[in-house]
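Have a look at the structure below before the remarks.
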Amino acid sequence: MSNLDNLTSKILNDAKIKADEIVKAAQKTAAEKYKKEIGKYNSQKASLEESAVRDRDLAVERIKSGASLKIRNEKLKAKQIVIDKVIEKLKEKLANMKKQDYMNYLNQNIDKSSIAGKELIVKKEFADKVKQEFSTAKVKENEFVSSGFIIEENGVQKNYTFEVKIDFMRDELEVEISKLLFS
């Protein structure tokens with residue numbers, strides 16, 4: 001039996017060596033797969049980190065841009081409020097013009113020779129003075145303006161009130177007021 005024991009021992013020894021080789025090969029393959037998967041993971045991790053940094057930078061840039069836009073809009077709104085107040089003050093000042101200034105304005109803007117026979121609508125408080133100054137025109141006594149004047153002929157009115165003139169020139173006035181106040 002010693003031959004059988006030797007043979008069994010040799011077979012077991014060979015099997016053990018073969019098993020060790022298989023285990024080593026399996027461990028080597030597992031280590032290579034692990035290393036390869038860790039490499040993929042690290043590559044994905046780096047890619048995700050880069051993507052997260054880009055996304056964060058874009059978000060920060062959008063937030064800054066949005067805040068800048070909001071600030072700009074608020075500034076523009078505030079400037080527009082100031083410009084509107086200046087225009088309203090201008091209308092108010094023109095509506096409260098002194099008699100001499102009002103008469104000077106009429107004389108500069110109405111041709112006395114071409115006003116003959118036309119109806120003239122003026123400020124109520126200056127109607128008598130206008131009648132004296134523009135005797136060839138018919139100054140309406142039941143219709144008045146708050147500023148400026150209106151010339152009416154054959155039912156057609158030419159409106160020279162300050163409100164209309166200012167509204168007509170508003171874009172140009174806003175530019176000039178903006179230059180004066182904000183430059």
Side-chain angles (χ1 to χ4, degrees), residues 1-97 101 105 108-109 121 123 144-151 155-183:
M1 282 234 282
S2 116
N3 247 351
L4 187 60
D5 283 336
N6 281 342
L7 189 58
T8 305
S9 184
K10 178 153 171 56
I11 291 173
L12 286 174
N13 206 16
D14 286 345
K16 186 178 177 191
I17 291 172
K18 190 70 169 167
D20 285 344
E21 287 175 3
I22 291 172
V23 167
K24 281 183 184 177
Q27 284 176 339
K28 183 179 177 185
T29 302
E32 286 173 358
K33 282 186 176 181
Y34 176 78
K35 189 176 179 181
K36 185 177 176 184
E37 290 302 316
I38 288 294
K40 282 183 185 178
Y41 166 78
N42 286 335
S43 175
Q44 287 176 343
K45 178 182 167 190
S47 177
L48 287 173
E49 285 174 349
E50 287 174 16
S51 178
V53 167
R54 273 193 312 271
D55 289 348
R56 180 200 65 206
D57 291 345
L58 283 172
V60 166
E61 210 42 52
R62 272 194 298 268
I63 290 168
K64 284 181 181 178
S65 178
S68 294
L69 187 61
K70 189 173 183 177
I71 289 168
R72 184 187 68 93
N73 287 342
E74 291 299 318
K75 282 182 181 179
L76 287 174
K77 228 186 270 183
K79 285 180 181 181
Q80 190 61 49
I81 288 169
V82 170
I83 289 170
D84 290 343
K85 285 182 180 181
V86 169
I87 289 174
E88 285 307 311
K89 287 280 187 192
L90 175 62
K91 286 180 180 179
E92 197 177 295
K93 187 169 181 159
L94 290 171
N96 296 321
M97 182 181 276
D101 293 333
Y105 175 75
Q108 289 173 357
N109 290 284
I121 304 169
K123 288 185 73 164
F144 304 98
V145 294
S146 61
S147 68
F149 62 94
I150 296 175
I151 297 174
V156 177
Q157 290 186 342
K158 293 181 182 176
N159 192 333
Y160 296 95
T161 59
F162 294 132
E163 293 87 2
V164 169
K165 284 186 140 192
I166 289 172
D167 288 342
F168 180 74
M169 297 172 53
R170 185 172 184 99
D171 290 341
E172 296 164 30
L173 286 171
E174 285 183 359
V175 170
E176 289 303 315
I177 292 167
S178 183
K179 284 180 186 175
L180 288 170
L181 296 179
F182 307 116
S183 293

### Query
Is the closest side-chain heavy-atom distance between Ser178 and Ile83 below 4.5 Å?
yes
#### Entry: Between CZ on residue Arg72 and NZ on residue Lys79, distance to nearest 0.5 Å
10.5 Å
### Message
Within this structure, what is the CZ-CD distance for the pair Arg56 and Glu61, rounded to the nearest 0.5 Å?
### Response
12.0 Å
### Task
Supply the atom-to-atom distance Lys91 NZ to Ser147 OG, rounded to the nearest 0.5 angstrom.
9.0 Å
### Task
Would you check if the side chain of Thr29 reaches a backbone N or O of Ala25 as a donor-acceptor pair within less than 3.5 Å?
yes
### Criterion side-chain contact (heavy atoms from CB on, under 4.5 Å) on Tyr160 and Ile151, from CA distance to verdict
CA-CA 8 Å; Tyr160 296 95; Ile151 297 174; 4.1 Å; yes
### Among Asn159, Thr161, Ile166, the one residue meeting side chain to side chain contact (heavy atoms under 4.5 Å, CB included) with Glu163
Thr161
### Query
Is the backbone of Ser47 close enough, under 3.5 Å, to the side chain of Ser51 for a donor and an acceptor to pair up by distance?
no
### Query
What distance do Asp167 atom CG and Lys165 atom NZ have between them, rounded to the nearest 0.5 Å?
13.0 Å
### Task
Report yes if the side chains of Ile38 and Lys33 come closer than 4.5 Å at any heavy-atom pair, otherwise no.
no
### Message
Just so I know, are the side chains of Glu176 and Glu172 near enough to count as touching, which here means a heavy-atom distance under 4.5 Å?
### Response
no
### Message
Are Lys64 and Val60 packed together at the side-chain level, in the sense that at least one heavy-atom pair is separated by less than 4.5 angstrom?
### Response
yes
### Query
Please, which pairs that meet salt bridge (Lys or Arg N to Asp or Glu O under 4.0 Å) have at least one residue in residues 16-29, sequence neighbours excluded?
none
### Task
Would you confirm whether Asn96, through its side chain, and Glu92, through its main-chain N or O, come within 3.5 Å as a donor-acceptor pair?
yes
### Query
Side chains of Ile150 and Lys158: closer than 4.5 Å at any heavy-atom pair?
no
### Task
Tell me, please, which residues at least two apart from Glu74 pass salt bridge (charged side-chain N to carboxylate O under 4.0 Å, His left out).
Lys77
### Query
Hey, are the side chains of Leu173 and Val86 touching, using non-hydrogen atoms and a 4.5 Å cut-off?
no
### Message
Is the shortest side-chain heavy-atom distance between Val53 and Glu50 below 4.5 Å?
### Response
no
### Message
If you define the side chain from C-beta out and look only at heavy atoms, does anything of Asp84 sit under 4.5 Å from Ile81?
### Response
no
### Query
If you round to the nearest 0.5 Å, how far is OG of Ser68 from CD1 of Ile63?
12.0 Å
### Query
Can you list every ring-ring contact (aromatic ring centres under 6.0 Å, His included) pair that touches residues 162-183, not counting sequence neighbours?
Tyr105-Phe162
### Query
For the atom pair CD (Gln80) and CD (Glu174), what is the distance rounded to the nearest 0.5 Å?
4.5 Å
### Message
Strictly below 4.0 Å, N to O, side chains only: are Lys35 and Glu32 in salt-bridge contact?
### Response
no
